[in-house]
Amino acid sequence: MKNKLITHIFIIIASLTIIFTCYSCDDIFEQKAGSRITPENHYSDSIDIDLSLRGAMTPLTEVMPNLVLIDGLFTDMMDVTSNADSYMEELNEHTVSISNPYINPAAFYKTIINLNEVLKNIDRVQVSDPNVNDFYIRAYKGALIGLRTWVYFTLSKLYGEVAWIEDNLEELPTTDPVYIQKNALLDTLINQLKPYIQTNNKILEIRVQKYPNNKALIGEMYLEQDRYDSAAYYLKLGMESHGNEKLIYKVTNEYEKERWQDIFTNSEGMDNSEIISVIPFDLTEGQTNPLFTWSFTQYAIKPSNSIIDLFLAQTPLKGDIDYRGIGTSIDTLSPQMPFIKKYILGDYRKNNIILSRAGDIHLLLAEAVNRLGDTETALALLNHGFNAMSKTPLAYRYWVENVGIRGRAYLKKRTIPKEINEDPDQLMIFIEDLIIEERALELAFEGKRWFDLTRIARRRNDVNYIANIVTPKYSDQAKISKVSNILK
């Protein structure tokens with residue numbers, strides 16, 4: 001089930017890059033060439049905090065396109081074209097070499113060290129700016145620790161273990177890094193983050209733009225541990241995080257049809273119900289998203305036949321397609337040349353790579369409650385929302401505006417065959433399969449699929465699960481057998 005060779009390679013590269021390429025955050029705070037701002041004269045007011053928060057996550061622009069590429073080629077999302085380089089072909093065939101640049105995790109560790117520097121110095125602002133009180137400092141620290149948690153969590157899911165940077169170090173450790181396995185890491189991450197979340201929704205919370213929602217993040221980590229009750233509690237709490245119970249992250253018709261592309265184009269800073277955390281790219285500022293190049297100008301990668309067929313298989317309530325797919329996430333240069341369009345939408349000069357959004361968290365919540373045996377709630381989140389139920393559950397009384405994931409896409413409800421409905425265990429697995437399939441559609445090319453497949457395969461202890469889903473994208477039988485053996 002686990003690709004041991006790839007895991008080994010990732011760990012080796014992590015040990016090398018953290019020693020040789022990580023650096024402190026003050027490199028990115030430059031007024032002009034040759035002049036650098038030091039922590040002593042930088043952290044003076046709330047504007048400096050904002051600059052620090054933005055600067056700390058800058059290295060993610062280096063690594064997030066690679067993460068989406070790895071996810072797509074590892075899974076049934078993407079395939080290579082004849083224009084792909086040899087390293088892309090390695091990813092697509094799960095035969096990754098140690099020199100493959102796409103798997104270099106250095107930028108993740110750069111981000112951690114950047115965040116540590118800001119955490120170490122942020123209290124300076126309160127000394128010089130009386131308008132920045134304890135409440136704001138705590139909120140900003142929570143955001144910084146939340147993003148650091150997200151980075152560690154992502155590293156652990158990719159590599160199986162992480163190089164732990166002790167005691168909030170803001171520079172390179174003098175000793176070899178300590179490696180922590182994912183299972184041992186998650187409780188530490190959860191316990192570090194919990195003191196910075198507010199569970200009373202009536203108390204206003206500060207939402208730091210582009211940073212993860214800490215409640216939803218804790219819920220996702222609990223889901224990774226198969227602790228479904230805690231996962232459902234925090235995932236739901238994360239969706240109700242605007243300070244007013246009636247103002248939640250909603251899956252509504254706000255982003256239906258033509259507006260769907262607004263999620264992925266220039267959405268940074270938009271105060272809306274869908275977008276939680278993004279990495280923005282702006283070509284006018286010299287920030288090129290390589291996904292645009294790989295999928296369009298270079299045409300090195302393309303959508304797999306598997307994901308194209310899955311979109312075409314959906315049955316709409318009205319219209320003739322799933323608008324999330326053909327024409328939006330996927331299009332064609334010619335009948336034989338499908339291309340990934342999600343990063344070429346609208347004003348292609350400004351696009352985002354999504355870290356987290358409402359559709360993502362809703363389906364994780366559906367997965368958790370389904371494992372708790374709450375079939376009705378899971379199907380409401382997956383299908384057409386709570387208004388479609390005979391009676392809205394009291395716990396979801398403020399979710400009445402939600403139209404559900406398939407409801408927003410104007411697709412017919414998923415239904416349960418009678419023979420499956422009579423067997424609780426079979427029913428749970430059947431609905432879980434529907435949810436994971438819907439995540440493939442809703443989150444296509446957003447870097448979520450590999451984590452979904454590995455989570456379910458581990459949970460079910462099914463050595464064939466990933467191979468059975470991934471290998472149908474290949475047309476060559478020899479390649480199918482080769483990759484299938486690697487993935488077991």
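For the numbers below, each heavy atom of this structure counts, side chains included, while hydrogens, waters and symmetry mates do not.
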(message) Applying salt bridge (Lys or Arg N to Asp or Glu O under 4.0 Å), can you list everything that pairs with Arg357, at least two apart in sequence or on another chain?
(response) Glu274, Glu442, Glu446
(request) Could you tell me which residues satisfy salt bridge (Lys or Arg N to Asp or Glu O under 4.0 Å) with Arg460, sequence neighbours excluded, listed by chain and number? (result) Glu432, Asp433
For [X] and [Y], indicate whether the former's side chain and the latter's backbone hold a donor-acceptor pair under 3.5 Å.
X	Y	answer
Asp374	Val369	no
Asn121	Glu117	yes
Asn383	Arg414	yes
Lys236	Leu365	no
Thr471	Asn468	no
Arg397	Leu394	yes
Lys350	Pro280	no
Lys342	Ala444	yes
Tyr102	Leu91	no
Asn370	Met428	yes

Check [X] against [Y] and note the closest heavy-atom contact, atom names and distance.
X	Y	result
Tyr211	Ala56	OH-CB, 4.1 Å
Glu224	Leu186	CG-CD1, 3.9 Å
Leu144	Leu53	CD2-CD2, 3.4 Å
Ile307	Ala440	CD1-O, 3.8 Å
Leu411	Pro316	CD2-CA, 4.0 Å
Ala358	Ile276	N-CD1, 4.1 Å

(request) Pick out which of Leu217, Asp229, Ile197 makes a side-chain contact (heavy atoms from CB on, under 4.5 Å) with Tyr234. (result) Ile197
Evaluate the side-chain proximity of [Y] to [X]: yes if any heavy-atom separation is below 4.5 Å, no if none is.
X	Y	result
Tyr152	Ile180	no
Asp79	Asn305	no
Leu441	Phe311	yes
Asn351	Leu345	no
Arg324	Ile405	yes
Thr58	Arg54	no
Arg259	Asn253	no
Phe451	Thr154	yes

Please round to the nearest 0.5 Å and tell me the distance separating atom [atom1] of [X] and atom [atom2] of [Y].
X	Y	atom1	atom2	result
Leu235	Leu364	CG	CG	6.0 Å
Ile435	Leu381	CD1	CG	8.0 Å
Asn214	Leu193	CG	CG	4.0 Å
Thr149	Ile112	OG1	CD1	9.5 Å
Leu487	Ile466	CG	CD1	6.5 Å
Glu161	Gln181	CD	CD	4.5 Å

(message) Go through it in stages, so that I can follow the logic: the residues are Arg455 and Asp452, the test is salt bridge (Lys or Arg N to Asp or Glu O under 4.0 Å), and I'd like the CA-CA distance, side-chain angles, deciding distance and then a yes or no.
(response) CA-CA 5 Å; Arg455 181 176 67 255; Asp452 287 346; 2.9 Å; yes
(request) Measure up the Phe108 and Trp150 rings against each other and bin them: parallel (under 30°), tilted (30 to 60°), perpendicular (over 60°). (result)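 The rings of Phe108 and Trp150 sit tilted, inter-plane angle from 30° to 60°.
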(request) Classify the angle between the aromatic ring planes of His362 and Trp399 as parallel (below 30°), tilted (30 to 60°) or perpendicular (above 60°). (result) tilted
Between [Y] and [X], is there a cation-pi geometry (under 6.0 Å to ring centre, at most 45° from the normal)?
X	Y	value
Lys157	Phe153	yes
Lys257	Tyr410	yes
Lys341	Phe264	no

(request) Just do the side-chain contact (heavy atoms from CB on, under 4.5 Å) check on Trp164 and Thr188 with the steps written out, would you? (result) CA-CA 11 Å; Trp164 184 256; Thr188 296; 4.1 Å; yes
(request) Please report the C-alpha distance between Leu355 and Met64 in whole Å, then the side-chain angles of each, then the deciding distance to 0.1 Å, and finally whether the side-chain contact (heavy atoms from CB on, under 4.5 Å) criterion is met. (result) CA-CA 9 Å; Leu355 299 188; Met64 286 306 299; 3.5 Å; yes
(message) What verdict does the side-chain contact (heavy atoms from CB on, under 4.5 Å) test give for Ile263 and Ile275, after you've listed the backbone C-alpha separation in whole Å, the side-chain angles of each residue and the deciding distance to 0.1 Å?
(response) CA-CA 7 Å; Ile263 297 172; Ile275 300 155; 4.2 Å; yes
(request) Show your reasoning for whether side-chain contact (heavy atoms from CB on, under 4.5 Å) applies to Tyr465 and Arg459. (result) CA-CA 11 Å; Tyr465 179 81; Arg459 179 183 297 161; over 6 Å; no
(message) Suppose we call two aromatic rings close when their centres sit under 6.0 Å apart. Are Phe296 and Phe339 close by that rule?
(response) yes
(request) Decide, yes or no, whether a salt bridge links Asp226 with Arg458 under the criterion of side-chain N to carboxylate O below 4.0 Å. (result)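 Here Asp226 pairs with Arg458 in a salt bridge, since their nearest N and O are under 4.0 Å apart.
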(message) Please determine whether the number of non-hydrogen atoms from other residues, nucleotides or ligands lying under 6.0 Å from atom CD of Glu376 exceeds 12.
(response) no
